[in-house]
Amino acid sequence: MFNLILFGPPGSGKGTQSEKLIAKYSLKHLSTGDLLRSQIAHQTPLGLEAKHFMDKGQLVPDEVVIGMISTALDQNTEVKGFLFDGFPRTAAQAEALDKLLEMRQSPINIMLALEVGEEELVGRLMKRGQTSGRSDDTDESIIKNRIAEYHQKTTAVADHYKQFDKVVLVKGEGTIDEIFDRISNEIDPIFQ
Ligand code: AMP
C-alpha cells in the first residue's frame with residue numbers, strides 16, 4: 001500500500017492535484033470535505049450537524065471526521081493505497097489516523113504540503129465561489145476564517161509528521177501541470 005496526505009491551506013489546489021494523482025497512482029481519494037458535502041446533500045443527521053460548522057468556516061468536531069474516515073477505510077480494503085485530502089486537520093485527527101493505519105499495517109508514506117501565499121489563496125477561493133456553488137467560498141470573512149483555522153489548528157499536523165521525517169514542502173504556485181510535476185518528482189522515487 002502507498003498512503004499519501006496532500007496537505008495545504010484552503011485554496012492551495014489539493015482537490016485539483018488529487019484528481020491527477022489518483023489517476024496516475026491508482027489511489028483511492030478520501031476527501032473529508034467531499035464526504036461531508038455528500039452527507040449535507042443527503043440531509044443526514046451527520047450532515048446537518050456538520051453544516052453548522054462548515055457554514056462558519058470552522059472545523060467539524062474531530063470525532064465526526066475520524067468516524068467517517070474509519071468507515072471509509074473499512075469499505076475500501078482492496079485498494080493500492082489512499083490519498084487523504086483535507087484530512088487530518090488537527091493533531092488529534094493525525095494521531096487517530098496513525099492508529100487506524102497501524103491496525104492495517106500500512107502507515108503514511110509521505111505528506112506533501114502545498115505552499116501558497118495568503119493573497120493568492122483568497123483570490124483563488126473567491127474565484128472558485130463564482131462557480132463551485134459552495135457557500136463557504138463566496139464570503140471573504142468566512143474564507144479568512146478558514147485560513148485562520150488552518151494556521152491555528154492544522155499546521156500542527158505538519159509538525160506531527162515532521163517528527164517522522166515524512167513532510168515534503170512543494171511550491172503550490174504556477175500552472176497545474178508544473179505543480180503536478182513537482183509533486184510527482186517527490187512521489188516517484190518512493191512509490192511502491
Ligand atoms: P474542504 O473541502 O477540505 O475545504 O473542507 C470544507 C469544510 O469542511 C472545512 O472548512 C471544514 O468545515 C470541514 N472539514 C473538511 N475536512 C475536515 C476535517 N478533516 N476536520 C474538520 N473539518 C473538516
Side-chain angles (χ1 to χ4, degrees), residues 3-22 27-73 82-101 108 111-116 118 120-161 167 172 179:
N3 294 319
L4 157 72
I5 297 173
L6 191 57
F7 189 72
S12 57
K14 298 188 295 290
T16 307
Q17 295 298 330
S18 290
E19 293 304 322
K20 293 173 77 71
L21 288 165
I22 55 169
L27 301 174
K28 173 74 187 166
H29 185 199
L30 289 184
S31 153
T32 39
D34 288 349
L35 292 170
L36 289 165
R37 281 184 288 276
S38 158
Q39 296 278 339
I40 292 174
H42 291 96
Q43 300 193 323
T44 65
L46 189 155
L48 295 176
E49 188 199 346
K51 192 172 185 310
H52 282 300
F53 297 94
M54 291 167 78
D55 281 348
K56 289 184 254 175
Q58 293 170 354
L59 293 183
V60 171
D62 286 334
E63 319 78 78
V64 175
V65 281
I66 292 167
M68 266 186 352
I69 287 287
S70 174
T71 306
L73 293 180
F82 293 98
L83 188 166
F84 297 97
D85 163 8
F87 179 89
R89 257 177 157 102
T90 63
Q93 291 178 21
E95 280 159 26
L97 177 63
D98 287 353
K99 284 210 183 96
L100 290 170
L101 292 177
I108 291 296
M111 170 189 263
L112 290 155
L114 293 172
E115 295 195 299
V116 179
E118 174 143 356
E120 168 92 14
L121 291 177
V122 176
R124 284 188 193 179
L125 288 167
M126 294 290 284
K127 196 167 164 219
R128 184 168 85 184
Q130 292 167 5
T131 53
S132 69
R134 281 182 56 170
S135 55
D136 60 347
D137 281 345
T138 42
D139 179 322
E140 190 164 341
S141 69
I142 295 175
I143 289 175
K144 292 224 160 120
N145 204 17
R146 287 163 62 203
I147 296 172
E149 281 278 63
Y150 175 80
H151 289 301
Q152 274 164 24
K153 296 183 185 155
T154 305
T155 46
V157 176
D159 294 339
H160 174 87
Y161 288 103
V167 182
I179 301 165

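Position 1 is the first residue of the sequence, and the numbers go up from there. We count ligands from 1, going down the list as the structure has it; atoms in each ligand are counted the same way.
- Here's the thing with T32: one of its N/O atoms is less than 3.5 angstrom from an N/O atom of ligand 1.
- The shortest N or O to N or O distance between G86 and ligand 1 is below 3.5 Å.
- Separation of atoms CE (M126) and OG1 (T138) is listed at 7.5 Å; rounding is to 0.5 Å.
- No more than 12 heavy atoms of other residues, nucleotides or ligands sit less than 6.0 Å from atom NZ of K51.
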Pair K99, E95 - check salt bridge (charged side-chain N to carboxylate O under 4.0 Å, His left out), show working. CA-CA 6 Å; K99 284 210 183 96; E95 280 159 26; 5.9 Å; no
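- Using a 4.0 Å cut-off to heavy atoms of G33, the atoms of ligand 1 that qualify are 2 (O), 5 (O), 15 (C), 16 (N).
- Ion pairing between R124 and E120 holds under the 4.0 Å rule for side-chain N and carboxylate O.
- At the shortest separation from atom 14 (N) of ligand 1 among protein heavy atoms lies L36 CD1, 3.5 Å.
- Comparing M68, K51, R89, R134 against atom 9 (C) of ligand 1, the shortest heavy-atom distance belongs to R89.
- The single protein non-hydrogen atom nearest to atom 11 (C) of ligand 1 is Q58 O, 3.6 Å, given as residue, atom name and distance.
- Looking at every heavy atom in both residues, A96 comes nearest to I66 through CB-CD1, 3.6 Å.
- Under 4.0 Å from ligand 1, heavy atoms of M54 appear from its side chain as well as its backbone.
- The shortest N/O to N/O separation between D34 and ligand 1 does not fall below 3.5 Å.
- If you look at E149 next to ligand 1, there are no close heavy atoms at all, none under 4.0 Å.
- Against a heavy-atom cut-off of under 4.0 Å, R37 is close to the following atoms of ligand 1: 2 (O), 6 (C).
- Between V60 and ligand 1, at least one N/O pair is under 3.5 Å apart.
- Under a cut-off of 6.0 angstrom, the local environment of NE2 in H151 is crowded, with over 12 non-hydrogen atoms contributed by other residues, nucleotides or ligands.
- Of all the heavy atoms of Q93, the ones lying under 4.0 Å from any atom of ligand 1 belong exclusively to the side chain.
- The minimum heavy-atom distance linking P88 with F7 is given by the pair O-CE1, 4.1 Å.
- The existence of a salt bridge linking R146 and D137 is confirmed by a sub-4.0 Å separation between a basic side-chain nitrogen and an acidic carboxylate oxygen.
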